[in-house]
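Below is one structure, written out as structure tokens; comments come after it.
Numbering of residues begins at 1 and proceeds along the displayed sequence.
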Amino acid sequence: MSTIAARADSFIRDRLPPRGAWPDLRFDRARLSYPPRLNAAAELVDAWIARGHGDRPCIIGPKETWTYARFADTVDRIARRLVENYGVIPGNRVLLRGPNTPMLAACWMAVVKAGAIAVPTMPLLRSGELVQIIDKVAVRLALCDAGFLAEMEVAAAGRELTVVSFNGEPGQGGVPKAGLEALLPATAPGFAAVDTAADDVALIIFTSGTTGVPKAAAHFHRDLLAVADLSPRSQLNATADDVFCGSPTLAFAYGIGGLLLFPLRVGASVVLLERTTAERLLTAMGRHRATLCFTVPTLYRAMTTLLEAEVVPVESLSGLRACVSAGEPLPASTFEAWYCASGLPILDSLGTTEMLNAVIAMPPGAIRPGATGKTVPGYEAMLVDDAFRPVPVGQIGRLAVRGPTGCLYIDDARQRQYVQHGWNLTGDAFHQDADGYFWYHARTDDMIVSAGYKISGLEVEDVLLRHEAVEECAVVAAPDPLRGTIPKAYVVIKRGVDAGDELARGLQDFVKDRIAPYKFPRDVAFIDALPRTETGKIQRYKLRALAQAGESARSITRIADPGPDRGHTEPGGEEGV
């Protein structure tokens with residue numbers, strides 16, 4: 001590796017949490033061992049060229065397939081331009097913006113190889129959101145897909161920020177007239193990876209904003225390797241013969257792992273889709289004989305509908321051997337419907353931006369529908385109460401995890417909320433059964449306490465999703481003068497279904513007939529669409545705020561509480577589980 005790192009930018013290092021607020025980072029459980037000096041890009045890309053892997057397919061784009069040799073060469077040329085043309089030094093932050101394409105992946109790795117810090121952003125963020133990111137981590141250079149320049153240029157106005165485009169319109173010979181690619185043919189090949197430390201920051205991911213103001217989570221070079229050395233090998237047995245495919249963006253921890261780090265670590269290939277719909281994903285998996293799928297429950301539901309309608313033949317999925325879900329809770333109804341339509345189980349998982357990837361995942365050989373899974377080898381997890389005491393088997397508690405990765409917020413007081421006693425508190429409520437499986441209930445701030453009973457909105461949602469009229473739904477707490485709070489359902493109905501009192505009461509009865517009656521949604525609102533982040537997660541805090549204000553969004557019908565079910569005794573305030 002190069003010794004270019006003599007001059008470095010310490011801005012991020014200086015703004016990491018104080019050591020006493022760090023989580024315990026443990027490598028012994030997974031026998032993870034990394035040298036003190038390493039550059040993750042060299043390990044993920046250059047290592048395969050050294051092994052004679054250059055002719056193997058690496059990234060499959062919409063028009064062509066890049067081999068490992070082409071990918072490595074493009075990474076090198078971009079890295080050289082970053083250093084020689086734009087003055088990038090180790091520790092500089094480089095913002096990345098665009099949909100999933102081979103060039104975005106190459107830019108991503110080039111930033112890391114040059115010793116800088118990649119700051120990936122969701123491609124549809126508006127200028128105001130980009131400004132928050134730019135100012136928080138003092139970005140001075142942005143690499144932006146040409147199709148997404150408008151908001152980027154607005155955000156850059158008045159700031160010391162250079163914006164360089166890529167994926168521009170082709171000119172003569174197919175090379176873009178301007179932008180990054182136009183510089184590459186005249187760039188000398190080869191670039192020695194900058195000599196970085198294993199614990200130098202390589203990546204900053206901003207949380208997706210499901211709970212309000214995003215946070216900047218830092219990850220080291222060794223973190224990029226650790227997550228790729230754990231679940232893809234221990235859970236998925238991934239090899240160089242696999243073809244990865246999926247929907248999450250490379251700005252999202254789920255996408256960074258499943259569609260970049262995981263395939264590169266094992267020398268496999270990955271299909272990158274610029275725009276993902278259920279039909280596009282199914283078609284791509286069939287065309288490229290994908291073996292591993294990474295997407296979210298919403299898309300599994302949509303793909304199920306297409307398979308059931310025979311819009312896409314199920315035979316096209318014959319190469320698929322594992323389907324992974326993350327990003328939002330997986331309802332049992334979605335698991336069952338997908339399995340019936342495709343013959344394939346979904347492997348649920350839970351990870352966080354702060355941990356970089358999955359810490360709880362379903363073991364392929366021992367699937368338990370409805371559960372999230374077991375602890376990913378390399379991590380340890382426990383459930384605790386508000387006093388940080390372990391809770392008994394079967395009781396709901398807060399998930400606490402630790403392992404080789406952990407929460408390191410940049411200049412953010414919320415670090416001490418997330419990390420306590422050396423453990424990472426993910427903000428999720430689970431119970432664990434006697435066999436070690438974790439069963440998800442809700443985000444800890446989404447648990448509904450009604451007249452002393454704790455109600456999981458997710459459990460109510462799973463029942464509602466089984467109703468023939470329901471397309472999507474979310475259940476949150478709404479204030480109530482008698483019970484403190486009540487479950488309120490925001491429901492998106494299927495096309496052609498009429499919303500109104502009759503349907504609302506029918507949904508309430510549907511729930512009461514299937515789970516404990518006190519859990520039924522006492523208020524039902526019909527809404528055009530659920531608020532979501534760009535990663536597809538439901539922004540429940542927006543629904544809670546709506547419910548708290550006692551207001552209804554456009555096209556919402558509010559239904560009065562019909563009262564308790566006949567024969568059911570109201571909760572008397574006794575402690576729930």
Side-chain angles (χ1 to χ4, degrees), residues 41 44-79 96 98-110 112-113 123 143 145-147 166-170 173-176 179-182 184-185 187 189-190 228 232 236 238-250 255-277 279-295 312 316-322:
L44 292 166
V45 182
D46 295 356
W48 293 111
I49 303 304
R51 297 175 195 171
H53 206 73
D55 292 336
R56 298 268 301 199
C58 181
I59 299 183
I60 302 167
K63 298 178 181 177
E64 57 186 345
T65 297
W66 289 25
T67 63
Y68 268 83
R70 178 177 176 182
F71 184 65
D73 179 64
T74 305
V75 168
D76 282 351
R77 291 172 190 260
I78 294 172
L96 299 168
N100 290 359
T101 63
M103 268 301 290
L104 178 67
C107 288
W108 212 108
M109 279 296 139
V112 175
K113 192 169 187 180
L143 305 181
D145 188 289
F166 59 89
N167 283 340
E169 290 296 322
V175 177
L180 194 55
E181 292 100 326
L184 300 186
T187 304
L236 301 175
T239 72
D241 294 325
D242 276 310
V243 179
F244 291 68
C245 191
S247 65
T249 166
L250 297 183
I256 291 169
L259 302 182
L260 187 65
L261 303 179
F262 294 2
L264 290 179
R265 189 56 165 164
V266 297
S269 59
V270 59
V271 180
L272 293 183
L273 302 174
E274 290 187 45
R275 183 169 159 267
T276 307
T277 63
E279 187 166 359
R280 284 171 183 261
L281 182 53
L282 280 173
T283 300
M285 288 193 292
R287 177 182 299 136
H288 301 294
R289 301 285 296 168
T291 59
L292 298 169
C293 173
F294 293 76
T295 191
V312 177
S316 65
L317 302 180
S318 59
L320 204 56
R321 66 178 184 83

Set of residues satisfying side chain to side chain donor-acceptor pair (under 3.5 Å) with respect to T74, sequence neighbours excluded: none

Partners passing side chain to side chain donor-acceptor pair (under 3.5 Å) against D242 (at least two apart in sequence or in another chain): T291, R321

Can you tell me how far apart [atom1] ([X]) and [atom2] ([Y]) are? Round to the nearest 0.5 Å.
{"X": "I59", "Y": "L264", "atom1": "CD1", "atom2": "CG", "answer": "6.5 Å"}
{"X": "E274", "Y": "K63", "atom1": "CD", "atom2": "NZ", "answer": "8.0 Å"}
{"X": "M103", "Y": "L143", "atom1": "CE", "atom2": "CG", "answer": "8.0 Å"}

Parallel, tilted or perpendicular: rings of H53 and Y68 (30°, 60°): perpendicular

D46 side chain reached by K113 side chain, heavy atoms, under 4.5 Å: yes

Flag side-chain contact, heavy atom, 4.5 Å: P232 against V266: no

Can you check whether [Y]'s main-chain N or O pairs, donor with acceptor, with [X]'s side chain at less than 3.5 Å?
{"X": "N100", "Y": "L250", "result": "yes"}
{"X": "R56", "Y": "A240", "result": "yes"}
{"X": "E181", "Y": "N167", "result": "yes"}
{"X": "W108", "Y": "L96", "result": "no"}

Under the ring-ring contact (aromatic ring centres under 6.0 Å, His included) test, residues paired with F244 that sit two or more places apart: F294

Salt bridge flag under 4.0 Å for residues D241 and R289: no

